[in-house]
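The next block holds one structure in the form of structure tokens; read it before the comments.
Protein chains get the first letters and strands the later ones, always in sequence-line order, with residue 1 at the start of each. Worth knowing before you read on, the calculation uses all heavy atoms, side chains too, and leaves out hydrogens, waters and symmetry mates.
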Number of protein chains: 2
Amino acid sequence: MELRQLKYFLKAKELLNFTEAASALYISQSTLSQQIKQLEDELQVPLFNRIGKRITLTEAGDLFSVYAQQSVNKASDGFELLKDLNNLETGKVAIGVTYALRHVVTKALIVFSSEFPKIQFEIVFGTSQELIHKLNHFELDVILTFEEIASEAHFKYRELFTSPMALVTSTETSFTNKNSISLSEVSSLPLALPSSGFSTTQFINKAFKNDNLNPKVTIEINDIPTLLELIKTGKWHTILTKTTIENEKDLHAIPISGKNMTRTAMLISLKEAYEKKAVTTFLKMLMTVN
Amino acid sequence: MELRQLKYFLKAKELLNFTEAASALYISQSTLSQQIKQLEDELQVPLFNRIGKRITLTEAGDLFSVYAQQSVNKASDGFELLKDLNNLETGKVAIGVTYALRHVVTKALIVFSSEFPKIQFEIVFGTSQELIHKLNHFELDVILTFEEIASEAHFKYRELFTSPMALVTSTETSFTNKNSISLSEVSSLPLALPSSGFSTTQFINKAFKNDNLNPKVTIEINDIPTLLELIKTGKWHTILTKTTIENEKDLHAIPISGKNMTRTAMLISLKEAYEKKAVTTFLKMLMTVN
DNA sequence: TTTCTAAATCGGTTTTATCGATTGATTTTA
DNA sequence: TAAAATCAATCGATAAAACCGATTTAGAAA
């Protein structure tokens, strides 16, 4: 049993397709096939069912994969730890961000990069769901999103700040002088909202439903910059957290009145994983900057 | 980085001598030297200091070893788990026992072996300290001893039963009719005790000191069967938990009066390690039999 | 039936883990 | 202080095994 074989196995488990897994691992299909077989021989139990030309995990494979993953993780955690000793001279930080919080990241990124220019960053935008999936698959070190309804035990949560839900309008509309606006007022306006995969949309739809309101949603769109373009025309309005349009010219945010009309920005990471020094430092910076 | 290399590294760390480590691993010294070097190259940091012909761990090596060990452990835990699926047909159980509790183990062992004859056992007798050291080095699955003063967070503790401290005498002495005996009475008798490494002795010495008693200890000995031989002559008495001499002919145990004159038998195992099914089953048996 | 697709297998090549022998450096012993 | 012993590093050679491309086998799809 070698880490190489465990990694091969985990990739095959993930894709449930030897040909694709082999290609993702940059090895030939025959090599993968042989290495899996060798692992199975050593463990004396099949890890995959070969039903025709399709493969599925066996119960043994399923149980074993947990330990295989942990073994691989521990080794790579140790590796990361040693990189850290090199005093933030090397290393890569992968951060997932929901679009609403991009300014939070960029602000911290600018400060951090000037102090530690050698650290590489990978910034992944996506919906909370997508990001959490990637976090669970060890593709991200940390994600930055608004609070989730369901909190999970293997996550570590850190609060960042709270931001009100707001009606976002062009600076040329008539409400720009208002300090706040009620949900029912909002529901009578022509709305363009992020599509239903976005947690902000889920959040606001729940609020509408609670108050028995039927908002006039004429557009759903899954790209925020495009959405903002539309809002700037003045023909539609949208609902976002106030932070989302920080630094956006030509747009104005009016907080929506009512309790529970705020959202809390959160850092979510894996509880058991080793947190690289570069990540720790970056997050500390992120929390002081914001 | 491969598990093979991590295992080599851990053995070298343990023995701090490449030649001996290589021999313990059944590989040549040159192979070990090369593999360690290769690992160091990959990690970009030396794991050992080479001071002359002597080696010591570097800070990096020390930090890394924790993760290396965990990686190796997780892989072997996964392996054990799969063996378990084979329905207790294979596997080895390593149990550490303090001498006082040997009857507890043998009783369960007899029942277990007749039901699962293919499971191998390794029974290690030793002092609590020795056994705990072995448990920490993954040489034992579980140990059976009396409660320790200091409980550690990475151990899992399960209580078995409570047994009184007792004066042990030959059946031919004059006290055999007594139901209990006080500590001061005991202190006036000629005593032969287990040597000070034994937790029972530490326990009873503390009790003597508390009561300002000066017992007449004429013999200290680190082998219980020999001690019992001496007691059978009738010339000395000793102090042990009552269970220790269960099944011993020609010996009689009189509980010592006073509160706190009992000890609790415990099962101690590592909290984070995977517990093999064979171990779980054996322990369950052990707890019902006693 | 034929075609297509994916895993398994086969034979050959490259890589690498391993060994024994030797070297170089340091500690121990005489 | 010189000689002997010890231990890690290095070298060259060999055996093991990881890997590849081509082919086979066997379901699935057309």
*What are the bounds, 5' to 3', of the part of DNA chain D that sits under 4.0 Å from heavy atoms of chain A?*
D:dA18 to D:dA28

*C:dA8 phosphate, OP1 or OP2, under 4.0 Å from A:R50 side-chain N/O*: yes

*B:Q44, CD atom: more than 12 neighbouring heavy atoms under 6.0 Å*: no

*Within less than 4.0 Å of OP1 or OP2 of C:dA17, is there a side-chain N or O belonging to B:T31?*
no

*asked:* A side-chain contact here means heavy atoms from C-beta on lying under 4.5 Å apart; do B:R102 and B:F125 qualify?
replied: yes

*asked:* By the 4.0 Å heavy-atom rule, please label B:S28 as base, sugar-phosphate, or nothing.
replied: base

*Quickly work out the B:I27 CD1 to C:dG20 P distance and round it to whole Å.*
12 Å

*On a plain distance test, is the side chain of A:Q29 in donor-acceptor contact with the base of C:dA8 below 3.5 Å?*
yes

_Is the ring pair B:F112/B:F282 parallel, tilted or perpendicular, if the boundaries are 30 and 60 degrees?_
perpendicular

*When all nucleic acid strands are considered with a 4.0 Å heavy-atom cut-off, which category describes A:Y26: base, sugar-phosphate, or nothing?*
sugar-phosphate

_Using OP1 and OP2 only, check whether a side-chain N or O of A:N17 sits under 4.0 Å from C:dT5._
no

*Quick one: does A:L39's side chain get under 4.5 Å of A:Y8's, heavy atoms only?*
no

*Quick one: bend of the helix from C:dT1-D:dA30 to C:dA30-D:dT1 from 5 pairs per end, to 10°?*
30°

*Step by step, work out the salt bridge (charged side-chain N to carboxylate O under 4.0 Å, His left out) result for A:K37 and A:E40.*
CA-CA 5 Å; A:K37 187 180 192 319; A:E40 291 178 322; over 6 Å; no

*Do the rings of B:F9 and B:F64 sit parallel, tilted or perpendicular, given the 30° and 60° boundaries?*
tilted

_A:R158 and A:E275 ion-paired at < 4.0 Å_ = yes

